[in-house]
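FYI, side chains are in, hydrogens and waters are out, and symmetry mates aren't considered; it's all heavy atoms of this structure. Chain A is the first sequence line, chain B the second, and so forth, proteins listed ahead of strands; every chain is numbered from 1.
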Amino acid sequence: MDPIAMRLSRSLIPTLKETPSEAQIVSHRLMLRAGLVRQTASGIYAWLPAGWRVLQNIAQIVREEQDRIGAQEMLMPTIQSADLWRTSGRYDAYGPEMLRLKDRHERELLYGPTNEEMLTDIVRQTIKSYRELPQALYHIQWKFRDEVRPRFGVMRGREFLMKDAYSFDLDYAGAVLSYRKMMLSYMRTFQRLGVKAIPMEADSGPIGGNLSHEFIILAATGESQVWYDAAFEDMDFSGSNFAHTSEADLERFFTQMTTPYAATDEKHDSAAWEQVANKREGRGIEVGHIFYFGNKYSDPMGLKVAGPDGAQVAPHMGSYGIGVSRLVGALIEAFHDEAGIKWPDAVAPFKAAILNLKVGDIACDRISESLYAHFAGNALYDDREDRAGVKFNDADLMGHPWQIVVGPRGAAAGTVELKRRATGEKQELSVEAALARIG
RNA sequence: CGGGGCGUGGCGCAGCCUGGUAGCGCGCGUGUUUUGGGUACACGAGGCCGCCGGUUCGAGUCCGGCCGCCCCGACCA
């Protein structure tokens, strides 16, 4: 990575003082103002350098936690053939949300909204025996759903980055294990992202099936009403650090996650709700969804493997989505204040911002440059010849977890002011002490 | 898809009703000034007024059509 690009004076991070009029909700406004994205068409966004770093950070955590439960990463194309979707019957079933295209030969194509058919087809061609099961595969790829009404910025865009995983098991019992592994992976993922996500029983929607959970981040501006047991608010995740191959641990964890009451509108049960001792209500944003759907695709598409007794059996499948680009907006909804974004450490575009309050001052420049070198590209150096207030405001807006303020007042004595964005706490420290504090 | 609204320099907006050579604030450039929470002054650059057509001597303004975007609702990772 070219370190020059991390100097604000040389970066394309166009912060805005005023909010473009198209943005209503706070995350959308802040994403535009912090220079993370630019809209290029309704529901379609370009990810500018800082936004792209956040997106990659989230994707990387998702990736690591998928790998950790033994899922294999791959990459499937965005463009798919209509014929493939006809094999499952979904080409006609999907409706106008699907973006349909034609190539120069008038062949019917589509921009994929999901990949069940494609992966089922690939597995059908390659997996022939129960000995090759189970399989869990995922990719992180752009999807397109032609929403009637895109809104909320990247949270409800038409083009979006999604992690979608697919599991193939010999039987129902195996599929349940795969499903529980994914739930484990999801809880670990959201925990690492620094956010509380609650698994809620869900309708399986157009994808079909009967074992399904949504993962909801609590945020005042969320789009759906949720009811949940207060037990989720201080749930202990220390027990999630077990080997994903342990069936007993998977069951224990699954039970822990799904026993306390939690439901969205569509599944809310007032009778069951009455039994909850510590009730909590709020708004939430759906950031993940997992499904078990049995033979919904393996049957119509003719996916079969040889079982232990030699008979051909249709594998049981599940699919598992995380809205990676939606998470960027959702995290901002969860972590912001009047001044701007307050990124969780794990996803922040930069770990720290270095605010040189007096560019050209020997001591300020020297300390700033050495700090900048120390962070090796993971700090944004505000080396603009601007007023201090401009830098403070932009740093707060962009939401770097740490701000290292290098001003003439302290620089002569070798000290800097360290500000923690999340709490607002400020400390005057030596350069070494500040770096030690940031870790 | 029903209902509502908006398209005027990069951003936020006025001008349109009542047609007469396009304006304000921010941002940007230059200079002076200021120097720890968006400093002040001066000068300056930047606009087929969304597009097409019509009415008119003349259209940002009036009329028609189209396109784009936003908001509310029904629907979704």
Side-chain angles (χ1 to χ4, degrees), chain A residues 12 14-25 28-29 32-33 35 38-44 62 94-98 112-115 140-165 186 197 202-207 212-217 223-224 264-266 285-291 319-330 338-340 355-361 364 382 384-397 403 405-411 415-417 419 424 426 428:
Chain A
L12 185 72
T15 57
L16 301 171
K17 205 162 165 179
E18 290 174 287
T19 306
S21 58
E22 75 256 23
Q24 292 300 312
I25 64 161
H28 191 194
R29 290 202 303 259
L32 293 170
R33 287 195 51 216
R38 278 293 160 101
Q39 183 176 127
T40 62
S42 180
I44 302 177
V62 170
Y94 216 93
E97 267 204 342
M98 180 185 281
T114 177
N115 290 70
I140 298 172
Q141 176 65 293
W142 294 94
K143 306 286 191 294
F144 196 95
R145 291 184 193 170
D146 197 359
E147 294 280 343
V148 197
R149 191 188 154 210
R151 61 183 123 171
F152 307 143
V154 300
M155 288 207 295
R156 187 73 180 282
R158 293 194 292 174
E159 188 185 51
F160 54 96
L161 186 63
M162 178 171 150
K163 185 285 300 179
D164 43 323
Y186 276 38
D203 273 336
S204 41
I207 293 183
S212 173
H213 286 86
E214 291 178 355
F215 294 81
I216 305 278
I217 286 180
E223 43 185 330
S224 43
T264 57
D265 296 325
E266 51 191 18
I285 301 166
E286 181 186 354
V287 292
H289 203 153
I290 59 179
F291 303 88
S319 72
Y320 314 88
I322 290 181
V324 177
S325 50
R326 170 178 283 191
L327 268 165
V328 179
E338 283 303 304
L355 311 191
N356 184 343
L357 295 194
K358 191 165 186 178
V359 173
D361 177 275
C364 287
D382 192 343
R384 296 175 299 178
E385 298 193 24
D386 254 310
R387 306 266 309 170
V390 173
K391 301 188 181 195
F392 291 135
N393 283 315
D394 270 351
D396 286 347
L397 173 63
Q403 294 172 20
V405 180
V406 183
R409 232 158 50 186
T415 67
V416 296
E417 182 185 270
K419 175 176 170 179
K426 298 177 193 171
E428 191 79 16

So do the side chains of Glu22(A) and His28(A) get within less than 4.5 Å of each other, counting heavy atoms only? yes
Taking atom C1' of C70(B) as reference, at what distance in whole Å does atom CD of Gln24(A) sit? 7 Å
Quick one: is C26(B) close enough that its OP1 or OP2 comes under 4.0 Å of any side-chain N or O from Lys17(A)? no
Below 4.0 Å: OP1/OP2 of C71(B) and any side-chain N or O of Arg151(A): no
Name the pairs: protein N/O against N/O of nucleotides 6-11 of chain B, kept only if under 3.5 Å.
unit_1: C11(B); atom_1: O2; unit_2: Glu18(A); atom_2: OE1; d: 3.0

Quick one: label Val405(A) by what it contacts on the DNA or RNA (base, sugar-phosphate, nothing), any heavy atom closer than 4.0 Å. base
Can you tell me how far C1' of C28(B) sits from CZ of Arg387(A), to the nearest Å? 18 Å
Atom P, compared across U32(B) and G37(B): separation rounded to whole Å: 24 Å
Rounded to whole angstroms, how far apart are CG on Leu32(A) and P on C69(B)? 15 Å
Check whether any side-chain heavy atom of His289(A) lies under 4.5 Å from a side-chain heavy atom of His213(A), and answer yes or no. no
For the side chain of Asp386(A) and the base of G38(B), is some donor closer than 3.5 Å to an acceptor across the two? no
Pairwise P distance, A45(B) and U55(B) [rounded to whole Å]: 38 Å
Tell me what Gln39(A) touches on the nucleic acid: a base, only sugar-phosphate, or nothing, going by heavy atoms under 4.0 Å. sugar-phosphate
Heavy-atom distance under 4.5 Å between the side chains of Met155(A) and Phe160(A), does that happen here? no
Which part of the nucleic acid does Gly157(A) contact within heavy-atom distance under 4.0 Å: base, sugar-phosphate only, or nothing? base
Need to verify one output field. Residue with the more 5' nearest nucleotide on RNA chain B, Asn393(A) or Glu223(A)? Asn393(A)
How long is the span from the CZ atom in Phe392(A) to the NZ atom in Lys419(A), to the nearest 0.5 Å? 8.0 Å
Mind checking who G73(B) pairs with, Watson-Crick or G-U wobble, both distances under 3.5 Å? C1(B)
In the strands shown, is G23(B) matched to any nucleotide by a Watson-Crick or G-U wobble pair with both distances under 3.5 Å, and which? C13(B)
Which is more 5' along RNA chain B, the nucleotide nearest Gly407(A) or the one nearest Ile25(A)? Just name the residue. Gly407(A)
Can you measure Leu355(A) atom CG to G36(B) atom P for me and round it to whole angstrom units? 14 Å
Note, Glu266(A) side chain near Glu214(A) side chain (heavy atom, < 4.5 Å): yes
Smallest heavy-atom separation, Gly43(A) atom then Pro150(A) atom, equals CA-CB, 3.7 Å
Using a cut-off of strictly less than 4.0 Å, decide whether Arg145(A) has a side-chain nitrogen or oxygen near OP1 or OP2 of C76(B). no
Once you apply a heavy-atom cut-off of 4.0 Å, does Gly410(A) come out as touching a base, just sugar-phosphate, or nothing? base
d(CZ, Arg156(A); P, C72(B)) in whole Å: 11 Å
Might you work through the side chain to side chain contact (heavy atoms under 4.5 Å, CB included) test for Arg326(A) and Glu286(A), ending with a clear yes or no? CA-CA 9 Å; Arg326(A) 170 178 283 191; Glu286(A) 181 186 354; 3.9 Å; yes
What is the distance, rounded to the nearest whole Å, between atom CD of Glu428(A) and atom P of G36(B)? 14 Å
Under the criterion of centre distance below 5.5 Å and interplanar angle below 30°, is Phe392(A) classified as stacked on the base of G36(B)? no
Checking Lys143(A) now: which residues fulfil side chain to side chain donor-acceptor pair (under 3.5 Å) with it, not counting sequence neighbours? Asp164(A)
When we call it a touch if two heavy atoms are under 4.0 Å apart, what does Asp396(A) touch: a base, just sugar-phosphate, or nothing? base
Which part of the nucleic acid, if any, lies within reach of Asp394(A) when heavy atoms closer than 4.0 Å are counted: base, sugar-phosphate only, or nothing? base
If we take the C1' atom in both C57(B) and A14(B), what is their distance in whole Å? 28 Å
Residues Glu417(A) and Glu428(A): closest non-hydrogen pair is CB-OE1, 3.9 Å
For the C1' atoms, the ones on G9(B) and on C26(B), what distance do you get once it is rounded to whole angstrom? 13 Å
May I have the distance from Ile285(A) (atom CD1) to C76(B) (atom P), rounded to whole angstrom? 18 Å
Arg149(A) side-chain proximity, nearest of C72(B), C70(B), G37(B): C72(B)
Nearest whole angstrom, please: distance from the P of C28(B) to the CD of Glu385(A). 13 Å
If you compare all heavy atoms of Pro408(A) against all heavy atoms of Asp361(A), which two are closest, and at what distance to 0.1 Å? CB-OD2, 4.4 Å
Remember a base hit wins even if backbone is also touched, and classify Ala23(A) as base, sugar-phosphate or nothing at under 4.0 Å, heavy atoms. nothing
Distance between C1' atoms of C71(B) and U34(B) (Å, rounded): 43 Å
Whole-Å C1' distance, C66(B) and C28(B): 35 Å
Quote, to the nearest angstrom, the C1' distance that separates A40(B) from G25(B). 16 Å
G27(B) to G20(B) separation - P atoms, rounded to the nearest Å: 32 Å
